[in-house]
Every structure is written in C-alpha cells, then in structure tokens.
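Before any comments, here is the structure.
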Amino acid sequence: MASTPPRTPPRIFSRSRRTALRQRLRHLQERPNAARYLIEDMIEDVLERLGFLRFEPRTVLIVGDYTGELGRVMRAVGREVTEIDPADGFDEEQPYPFGEFDLIVSLGTLDTVNDLPGALIHIRRALVQGGLMIASFLSLGSLQNLREAMLEADGERPAPRLHPMVDVRAGGELLQRTLFADPVIDQRPLRVAFRSLEGLVTDLRAQGASNVLSDPGPILGKATRKRASAAFTARGEDGRTVETFEILTLSGWRK
C-alpha cells in the first residue's frame with residue numbers, strides 16, 4: 001500500500017515579497033520619525049513578561065526586532081544574544097541553523113509564514129530543555145476600519161488586500177499541537193488615530209505590516225484609492241479615524 005505524501009501547506013504568502021518587505025522596512029526606518037509603535041509595544045511586553053517570570057536566560061535568540069533594542073537590553077544584563085531577520089534570508093519554516101537557546105523571542109513575523117505550526121515546531125526544537133518561547137504578531141481583529149474601507153472601495157469585486165490572521169483560540173490550539181508546555185495565550189489592543197488612509201498605509205509599510213500575499217490582487221487604481229480614503233475617513237470623528245492593532249502573544253516552554 002502506497003504511503004500518503006506529507007501535506008504541503010497552502011502558499012498564502014509570497015516568500016520573495018516577504019523578504020523584500022523586510023528589506024524595505026529597514027530602508028524606511030532610516031527616515032526621521034518613522035513609525036515603530038508596534039515593535040516597541042511588543043518589546044515592552046516581552047520585558048514585562050520576563051520580569052514577572054523572573055526568568056534569566058543565558059542564551060537568547062531574537063527574530064524580527066529591526067530596532068535592535070531588545071538585544072541591547074539583553075546584552076546590558078549579560079545575556080548572550082543572537083539576532084536574525086527574514087530580511088537576511090532567514091527562513092522561519094526551516095530548522096534553525098544554529099544551536100539551542102534558553103529563550104527565543106519572535107516579534108511581528110510569524111503572521112506571514114505559510115506553515116505556522118511548522119515554524120513553531122522549529123522554535124521549540126531550537127530551545128534547550130526548560131527553554132521559553134515568546135512570540136508576538138498581529139492577529140484577528142486588527143485593521144478592521146481599513147478592511148471595511150477597502151471592501152467598500154472595491155464594491156462588487158473585492159480584492160485580497162489584507163491577509164488572513166490567527167485568533168486567540170487558534171493560537172491556543174497551535175501551542176497545544178506543537179507540544180509547548182504551560183502555554184499562555186493573550187491578546188491586547190493597540191489603538192492609533194490617523195488623519196488619513198495615507199497616514200495608516202505609510203505606517204504599515206514602515207513597520208513591515210503591508211501585503212505579502214502570493215496573490216495580492218490588482219493594483220489599487222486612483223479611483224479605488226479615492227473611494228477607500230473617503231470610506232476610511234468617514235469611519236472616524238473630528239478628522240481622525242482610530243484603527244486597532246490586536247497583538248497576539250503566544251508563550252510556552254520546552255519541557
């Protein structure tokens with residue numbers, strides 16, 4: 001009897017576009033006052049969690065912190081830190097090409113991998129026994145005003161403008177499926193007010209949170225962009241539209 005071949009995850013995201021987006025992020029972050037509130041919120045949360053747990057790792061792997069801030073804080077207290085990013089060709093869906101770590105922190109990248117269970121398995125295998133993973137990324141419920149504005153602008157032929165996202169329940173199931181011990185799953189909102197759709201799009205690009213779908217849909221034409229901008233503004237008050245970023249954090253241990 002022939003064996004069943006392993007299931008290949010659907011190719012929702014484009015690997016080349018994802019790498020290019022992270023490389024463009026680095027360039028955009030060189031500009032004065034570039035938005036970085038998403039990564040700053042995630043870093044602050046990681047440090048609070050480690051302080052609460054009183055966990056003092058010796059070796060730390062940080063994935064996706066383009067600011068370098070978390071690494072600087074860790075090194076300042078004597079940690080041995082390795083930093084990597086998809087912009088450098090690091091593939092989170094493959095086994096890690098280096099040793100085991102006491103702590104692995106992933107910030108803002110796992111929401112755009114095609115095989116999220118596989119990526120979590122690789123993280124777990126890269127931990128020592130007793131090691132901890134903390135992973136944060138945007139989740140379901142994020143950018144609802146943008147989603148609805150784009151749907152309204154596209155009319156009867158909606159295009160894939162924003163990618164699907166993981167919710168809290170699915171996050172918990174993922175940690176159980178990938179055998180993390182003592183899993184903790186939580187979600188917190190970060191609300192930001194924008195004067196225009198263009199302001200939001202600029203911030204998304206600067207923070208590597210724009211479209212990397214394999215099928216990104218047709219280019220947003222001038223008329224569609226104008227409709228989307230008007231629809232986004234109409235969802236606000238007093239010239240500002242508040243957009244919500246739902247940050248999902250998954251943590252668990254290798255035991």
Side-chain angles (χ1 to χ4, degrees), residues 13 15-16 18-30 36 38-138 174-175 178-184 207-209 212 247-255:
F13 304 103
R15 183 172 297 172
S16 60
R18 184 175 188 257
T19 301
L21 175 141
R22 297 294 298 189
Q23 292 171 342
R24 183 177 64 180
L25 176 157
R26 287 180 172 174
H27 174 70
L28 293 175
Q29 283 293 319
E30 295 175 359
R36 55 180 65 94
L38 295 175
I39 196 75
E40 289 173 345
D41 182 273
M42 293 177 188
I43 291 170
E44 181 180 359
D45 180 74
V46 168
L47 294 174
E48 288 180 357
R49 288 172 189 270
L50 294 175
F52 176 78
L53 293 169
R54 297 183 180 179
F55 182 58
E56 299 181 356
R58 183 180 63 85
T59 56
V60 181
L61 174 66
I62 302 171
V63 183
D65 177 16
Y66 53 84
T67 70
E69 179 61 22
L70 184 56
R72 286 190 288 270
V73 172
M74 291 288 183
R75 291 187 181 96
V77 291
R79 313 299 180 220
E80 181 182 323
V81 179
T82 301
E83 297 180 81
I84 52 177
D85 194 280
D88 300 318
F90 176 67
D91 188 347
E92 294 165 278
E93 297 180 72
Q94 296 295 324
Y96 286 20
F98 21 64
E100 296 179 317
F101 297 89
D102 299 318
L103 171 67
I104 296 178
V105 178
S106 174
L107 301 176
T109 65
L110 288 179
D111 57 322
T112 54
V113 296
N114 288 298
D115 184 8
L116 181 50
L120 290 172
I121 288 171
H122 292 313
I123 290 177
R124 183 178 173 276
R125 289 175 176 169
L127 289 168
V128 300
Q129 292 291 327
L132 172 66
M133 173 202 73
I134 302 176
S136 292
F137 50 88
L138 293 183
L174 281 167
L175 288 182
T178 52
L179 304 180
F180 278 94
D182 301 327
V184 176
Q207 298 179 95
V212 293
I247 300 176
L248 181 66
T249 299
L250 310 178
S251 64
W253 304 80
R254 181 177 184 179
K255 292 185 178 179

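All values below come from the heavy atoms of this structure, side chains included, with hydrogens, waters and symmetry mates left out. Residue numbers start at 1 and run along the sequence shown.
Under the 3.5 Å distance criterion, the side-chain polar atoms of Glu92 are left unmatched by any main-chain donor or acceptor of Ala119. In this structure, the side chain of Arg18 engages the main chain of Thr112 through a donor-acceptor pair within 3.5 Å. Formation of a donor-acceptor pair under 3.5 Å by the Thr59 side chain with backbone atoms of Asp102 is found in this model. Within the 3.5 Å criterion, the main-chain N or O of Leu127 finds a donor-acceptor partner in the side chain of Arg254. Proximity of a side-chain donor or acceptor of Arg79 to a complementary backbone N or O of Pro57 within less than 3.5 Å is detected.
Counting only N and O atoms by type, the side chains of Arg124 and Thr178 include no donor and acceptor under 3.5 Å apart.
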Arg36 vs Glu69, salt bridge (charged side-chain N to carboxylate O under 4.0 Å, His left out): CA-CA, chis, key distance, verdict: CA-CA 12 Å; Arg36 55 180 65 94; Glu69 179 61 22; over 6 Å; no
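Between Leu116 and Val113 the shortest heavy-atom distance is CA-CG2, 3.7 Å. The nearest pair of heavy atoms linking Gly252 to Leu132 is O-CD1, 3.4 Å.
Summarising the local packing, CZ of Phe52 is surrounded by 12 or fewer heavy atoms from other residues, nucleotides or ligands at distances under 6.0 Å.
Arg26 CZ to Gln23 CD: the interatomic distance, rounded to the nearest 0.5 Å, is 7.5 Å.
Between Asp65 and Arg72 there is no salt bridge, since no side-chain N of the basic residue sits under 4.0 Å from a carboxylate O of the acidic one. Electrostatic pairing of Asp91 and Arg15 counts as a salt bridge here, judged by a charged N lying under 4.0 Å from a carboxylate O.
Using a 4.5 Å cut-off on side-chain heavy atoms (C-beta onward), Leu250 and Phe180 make no contact. Annotation: side chain of Glu80 is not in contact with side chain of Phe101 (no heavy-atom distance under 4.5 Å).
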